[in-house]
Amino acid sequence: MALSIKQFINVAGMVKDLKSFNFSVYGRWFGYINIILCIALGIANLFHVNAVVAFGVVAIVQGVVILFIEVPFLLKICPMSDNFIEFIKKFETNGWRCVFYLVNAIIQYCSIALMATSLIVCAVGLTISSISYAVAFSTKQEFQNTHIIKNPTDDDFPHEAVVREML
């Protein structure tokens with residue numbers, strides 16, 4: 001029995017999330033996209049012979065910080081300082097996440113002053129996340145986790161024996 005990534009993805013949960021009209025879920029989904037965009041485009045912009053390289057480095061750092069904000073499980077398995085963990089835990093509400101994403105978007109929009117690069121895509125993605133969290137905050141929607149990844153306690157989650165067989 002081969003193990004595939006599809007066994008870990010909860011399609012029914014994704015459909016439920018889309019139908020929920022909870023904008024904190026949409027903000028979190030765009031946050032996941034922003035992780036990829038910030039890291040990939042930050043690395044791509046390191047090869048400019050311009051001061052925009054600094055914004056590329058900032059984008060990489062933003063991507064890593066967003067990773068820890070949107071995937072809080074990583075705070076438990078990665079050794080981090082207490083100051084960093086307290087900083088990340090400040091963003092557990094829709095309002096603070098809106099502010100966080102808005103500040104990061106403004107930083108990336110400032111890179112346009114030096115040179116119009118692909119970092120604009122990061123800025124737009126961060127803006128979309130900020131707007132999603134702002135709508136969730138203004139409509140007083142509860143902060144909600146997504147159901148993209150299956151819960152290990154589910155019956156259809158691949159168990160240890162399947163992983164052992166794969167190895």
Side-chain angles (χ1 to χ4, degrees), residues 5 8-10 13-14 17 20 22-48 50-115 117-153 157 163:
I5 192 74
F8 292 99
I9 296 177
N10 186 0
M14 291 172 64
D17 286 346
S20 72
N22 189 328
F23 283 89
S24 68
V25 172
Y26 302 152
R28 179 162 267 191
W29 281 24
F30 277 108
Y32 295 149
I33 294 169
N34 286 327
I35 293 167
I36 297 166
L37 286 176
C38 286
I39 292 174
L41 297 177
I43 291 170
N45 281 283
L46 291 178
F47 301 103
H48 286 282
N50 191 332
V52 83
V53 170
F55 287 100
V57 171
V58 169
I60 294 169
V61 171
Q62 286 173 337
V64 172
V65 171
I66 293 170
L67 177 68
F68 285 107
I69 288 175
E70 296 296 349
V71 187
F73 175 74
L74 293 177
L75 291 173
K76 294 177 183 173
I77 62 172
C78 296
M80 297 288 163
S81 71
D82 291 335
N83 292 336
F84 183 74
I85 292 172
E86 290 301 317
F87 172 74
I88 296 297
K89 287 187 177 184
K90 289 180 184 177
F91 303 109
E92 290 183 348
T93 63
N94 290 328
W96 281 111
R97 286 194 183 198
C98 169
V99 171
F100 172 78
Y101 279 106
L102 185 62
V103 168
N104 285 325
I106 290 169
I107 291 170
Q108 291 304 324
Y109 280 123
C110 289
S111 72
I112 298 172
L114 298 175
M115 181 181 206
T117 63
S118 57
L119 290 174
I120 297 170
V121 176
C122 290
V124 171
L126 292 165
T127 303
I128 292 170
S129 287
S130 177
I131 291 169
S132 296
Y133 282 121
V135 170
F137 179 72
S138 65
T139 58
K140 299 192 178 14
Q141 292 179 346
E142 287 185 30
F143 185 75
Q144 181 178 334
N145 288 325
T146 62
H147 300 98
I148 294 175
I149 306 294
K150 286 186 181 179
N151 190 346
T153 59
F157 188 80
V163 176

Considering residues at least two apart in sequence or located in another chain, which fulfil the side chain to side chain contact (heavy atoms under 4.5 Å, CB included) criterion with V121?
L37, L41
Nearest heavy-atom contact between H48 and V53 is O-CG2, 3.0 Å
F30, CZ atom: more than 12 neighbouring heavy atoms under 6.0 Å:
no
CZ on F23 to OG on S138, rounded to 0.5 Å
9.0 Å
Using modelled atom types and a 3.5 Å cut-off, is there a donor and acceptor pairing between side-chain atoms of S132 and backbone atoms of I128?
yes
Just wondering, more than 12 heavy atoms not from F91 lying within 6.0 Å of its CZ?
yes
Set of residues satisfying ring pair (Phe, Tyr, Trp, His ring centres under 6.0 Å) with respect to Y109, sequence neighbours excluded
none
Distance check, rounded to the nearest 0.5 Å: I120 atom CD1 versus I112 atom CD1?
4.0 Å
I need the minimum non-hydrogen distance between L119 and G56, along with the two atoms involved.
CD1-N, 4.0 Å
The criterion is side-chain hydrogen bond (donor to acceptor under 3.5 Å, both in side chains); which residues satisfy it with T93, sequence neighbours excluded?
none
Give a yes or no answer on whether the side chain of S111 reaches the backbone of Q108 with a donor-acceptor pair at less than 3.5 Å.
yes
Nearest heavy-atom approach of A123 to A105 is O-CB, 3.7 Å
For G31 against S129, the heavy-atom pair lying closest together
N-OG, 3.5 Å
Are any side-chain N or O atoms of N94 and backbone N or O atoms of S24, one a donor and one an acceptor, separated by less than 3.5 Å?
no
Exercise answer: donor-acceptor pairs, residues 65-81 side-chain atoms, under 3.5 Å, sequence neighbours excluded:
from	atom 1	to	atom 2	distance (Å)
E70	OE1	R28	NE	2.9
E70	OE1	R97	NH1	2.8
E70	OE1	Y133	OH	3.4
E70	OE2	R97	NH1	3.4
E70	OE2	Y101	OH	2.6
E70	OE2	Y133	OH	3.1
S81	OG	F84	N	3.2

Is there a donor-acceptor contact under 3.5 Å from the side chain of N22 to the main chain of E142?
yes
Suppose we screen for side chain to side chain contact (heavy atoms under 4.5 Å, CB included). Which residues come up paired with I107, at least two apart in sequence or across chains?
F55, V58, Q62, V103, N104
Tell me, please, which residues at least two apart from K90 pass side chain to side chain contact (heavy atoms under 4.5 Å, CB included).
none
